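As the structure is a computational prediction, the values presented were derived from the model and not from experiment.
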Amino acid sequence: YSGTLSFNLSAEVEDRQYQGSVTGDQVSPVFTLSGSYSPFPYTTLTLTGQRAFNPSYNLTGQDYMATSISFIGRQRFFQKFYYNLGAGYENDNYEGAGIALAGPNREDNYFYVTTGVDWNPNSWLQASIYYRYQKDDSNFDAFAFNDNQVGVSASFSY
């Protein structure tokens, strides 16, 4: 949109057809919308909203619609370092993938907060250290969790 503001939008309508389905065909809007704002040189604030349909890899016969929003701020300091601070929320609604399932559908509400520092000494190397707190509130107790992560990574590109 301008030198300090940008937007990206991807929007689709998804038609899911299941072989031998008892639930019938399903049509859903899916999208990704993001906006970035750079109020100062080397400062970026990004807000992203997304809705996507995903297969469930841990529940047979179920898929889920994920609706999420996330925010991340990034600030450069000392020429080659970047500080990151972000947070997000995702709601996952599980449903039968074209088959009838007995019992309640699963719903997860996932939250996270993350912070870290990236080091980019040149164009082919990046190293990062980060902390992430995440919590999943699920109506199925076996899938609810609280988690703390600390990580270090390095990437090389050519």
Donor-acceptor pair, side chain of N139 and main chain of E107, under 3.5 angstrom: yes
Non-hydrogen side-chain atoms of D63 and F53 separated by less than 4.5 Å: yes
Minimal non-hydrogen separation, A66 against E90, with atom names: CB-OE2, 3.5 Å
R74 side chain near Y83 side chain, heavy-atom distance below 4.5 Å: no
Note, Q126 side chain near D118 side chain (heavy atom, < 4.5 Å): yes
F77, CZ: over 12 other non-hydrogen atoms inside 6.0 angstrom: yes
Main-chain N/O of G116 paired with S128 side-chain donor or acceptor, under 3.5 Å: no
Test log, rule side chain to side chain donor-acceptor pair (under 3.5 Å), inputs Y110 and N91: CA-CA 6 Å; Y110 169 75; N91 174 264; over 6 Å; no
OG1 on T114 to CG on L85, rounded to 0.5 Å: 8.0 Å
Y42 OH: over 12 foreign heavy atoms closer than 6.0 Å: no
ring-ring contact (aromatic ring centres under 6.0 Å, His included) partners of F145, counting only residues at least two apart: none
Any N109 side-chain heavy atom under 4.5 Å of Y89 side chain: yes
From R132 atom CZ to T115 atom OG1, the distance as rounded to the nearest 0.5 Å: 12.0 Å
Stepwise side-chain contact (heavy atoms from CB on, under 4.5 Å) test for D108 and D137: CA-CA 6 Å; D108 288 5; D137 290 325; over 6 Å; no
OH-CG distance between Y112 and D136, expressed to the nearest 0.5 angstrom: 13.5 Å
Working for side chain to side chain donor-acceptor pair (under 3.5 Å), residues T44 and S36: CA-CA 7 Å; T44 305; S36 292; over 6 Å; no
K80 side-chain N/O to P121 backbone N/O, donor-acceptor pair under 3.5 Å: yes
Contacts of Y82 that satisfy ring-ring contact (aromatic ring centres under 6.0 Å, His included) - sequence neighbours left out: none
Minimum side-chain heavy-atom gap P29-E12 below 4.5 Å: no
Plane angle bin for W124 and F156 - parallel if under 30°, tilted between 30 and 60°, otherwise perpendicular: parallel
Cation-pi geometry met for R76 and F81 (6.0 Å, 45°): no
Polar side-chain atom of S138 near backbone of F140 as donor-acceptor pair, under 3.5 Å: yes
Heavy-atom closest contact (Q75 atom, P41 atom, distance): NE2-O, 4.3 Å
T48 and I69, any side-chain heavy atoms less than 4.5 Å apart: no
Heavy-atom check, side chain of N148 versus side chain of Y131, under 4.5 Å: yes
Derivation of the side chain to side chain donor-acceptor pair (under 3.5 Å) call for D147 and Q149: CA-CA 7 Å; D147 189 38; Q149 296 178 352; 3.2 Å; yes
Salt-bridge present (R106, D92; N to O < 4.0 Å): no
OG-CZ distance between S68 and R51, expressed to the nearest 0.5 angstrom: 11.0 Å
Hydrophobic cluster membership, L9 vs V30, 4.5 Å side-chain cutoff: no
Test item: S6 and Y37 side chains (from C-beta on) under 4.5 Å apart, heavy atoms: no
Gap between atom OG of S38 and atom CG of L45 - 0.5 Å precision: 7.5 Å
